[in-house]
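To start, the structure itself, in structure tokens.
Position 1 is the first residue of the sequence; numbering continues from there.
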Amino acid sequence: QVQLVESGGGLVQTGGSLTLSCAASGFDFRGHAIAWFRQAPGKQREAVSCFSIWDEGPSYSDDVKDRFTIARDRERNTTILQMTNLKLEDTAVYFCASGPLRCGPFWNQQGRFQSWGQGTQVTVAS
């Protein structure tokens, strides 16, 4: 059974850092792209970042580029999202999802990702 579990969320001040983890089980991590999405209150879910070993490099939304870093821990079958210089607008529930082999140019389309975690809350306060 495919399962994704996010952890690492919490409360942080603006300018601070958090690292989120997405632990996967029930499938071979290497055969899937793993993406992070987020949903802020009253807003639609949006793509944050995507990683696949089959792509040339990770993908990031313009809002988080140069502040967030996605990486995979193969030994632990976990994908992490390192978030730095956090802003108030980063407050959201963060979800990880598994999808096709590659992130590709349409990585920000959530319909391409079949399995989702339950999410972890990130709150940035001033």
field: Cluster link Leu18 to Leu81, ILVMFWY, side chain under 4.5 Å
entry: yes

Only pairs under 3.5 Å count here: list side-chain donor-acceptor contacts from residues 39-47, not counting sequence neighbours, and write none if there are none.
residue, atom, partner, partner atom, Å
Gln39, NE2, Lys43, O, 3.1
Glu46, OE2, Arg38, NE, 2.6
Glu46, OE2, Arg38, NH2, 3.1

- prompt: What is the minimum heavy-atom distance between Met83 and Leu20, and which atoms define it?
  reply: CE-CG, 3.7 Å

- prompt: If Ile, Leu, Val, Met, Phe, Trp and Tyr residues are connected whenever their side-chain heavy atoms lie under 4.5 Å apart, and connections chain through other members, are Val93 and Val5 in the same group?
  reply: no

query: So, does Ser49 use its side chain to make a donor-acceptor pair with the main chain of Ser59 at under 3.5 Å?
result: yes

- prompt: Nearest heavy-atom pair of Ala23 and Thr78: which atoms, and what distance?
  reply: CA-OG1, 4.0 Å

statement: Contacts satisfying ring pair (Phe, Tyr, Trp, His ring centres under 6.0 Å) that involve residues 100-120 (not counting sequence neighbours) are Phe37-Phe113, Phe37-Trp116

Closest approach of Arg112 to Gln114 (non-hydrogen atoms, all atoms of both residues): O-NE2, 3.1 Å

- prompt: Among pairs that include at least one residue of residues 7-28, which meet ring pair (Phe, Tyr, Trp, His ring centres under 6.0 Å), considering only residues two or more places apart or in two chains?
  reply: Phe27-Phe29, Phe27-His32

- request: Provide the full list of disulfide (SG to SG under 2.5 Å) pairs with a residue in residues 41-94, sequence neighbours left out, each pair given once.
  value: Cys50-Cys103

- line: Applied to residues 68-100, the disulfide (SG to SG under 2.5 Å) test, sequence neighbours excluded, yields Cys22-Cys96

task: Following the transitive rule for hydrophobic clusters with a side-chain heavy-atom cut-off under 4.5 Å over Ile, Leu, Val, Met, Phe, Trp and Tyr, establish whether Ile34 and Val2 coincide in one cluster.
output: yes

task: For Arg67, enumerate each residue passing the side-chain contact (heavy atoms from CB on, under 4.5 Å) test, keeping only those at least two apart in sequence or located in another chain.
output: Val64, Thr84, Asn85, Lys87, Asp90

- request: For residues 13-22, pull every pair meeting side-chain hydrogen bond (donor to acceptor under 3.5 Å, both in side chains), keeping only residues two or more places apart or in separate chains.
  value: none

task: If a pair satisfies ring pair (Phe, Tyr, Trp, His ring centres under 6.0 Å) and one of its residues is in residues 51-84, list it, with sequence neighbours excluded.
output: none

Identify all side-chain donor-acceptor contacts of residues 119-126 below 3.5 Å with residues at least two apart in sequence or on another chain.
residue, atom, partner, partner atom, Å
Thr120, OG1, Gly9, N, 3.1
Gln121, NE2, Ala92, O, 3.4
Gln121, NE2, Thr123, OG1, 3.3

- prompt: Please, which pairs that meet salt bridge (charged side-chain N to carboxylate O under 4.0 Å, His left out) have at least one residue in residues 71-84, sequence neighbours excluded?
  reply: Asp73-Arg76

task: State which residues pass side-chain contact (heavy atoms from CB on, under 4.5 Å) with Ser25; sequence neighbours excluded, sorted by chain then number.
output: Gln3

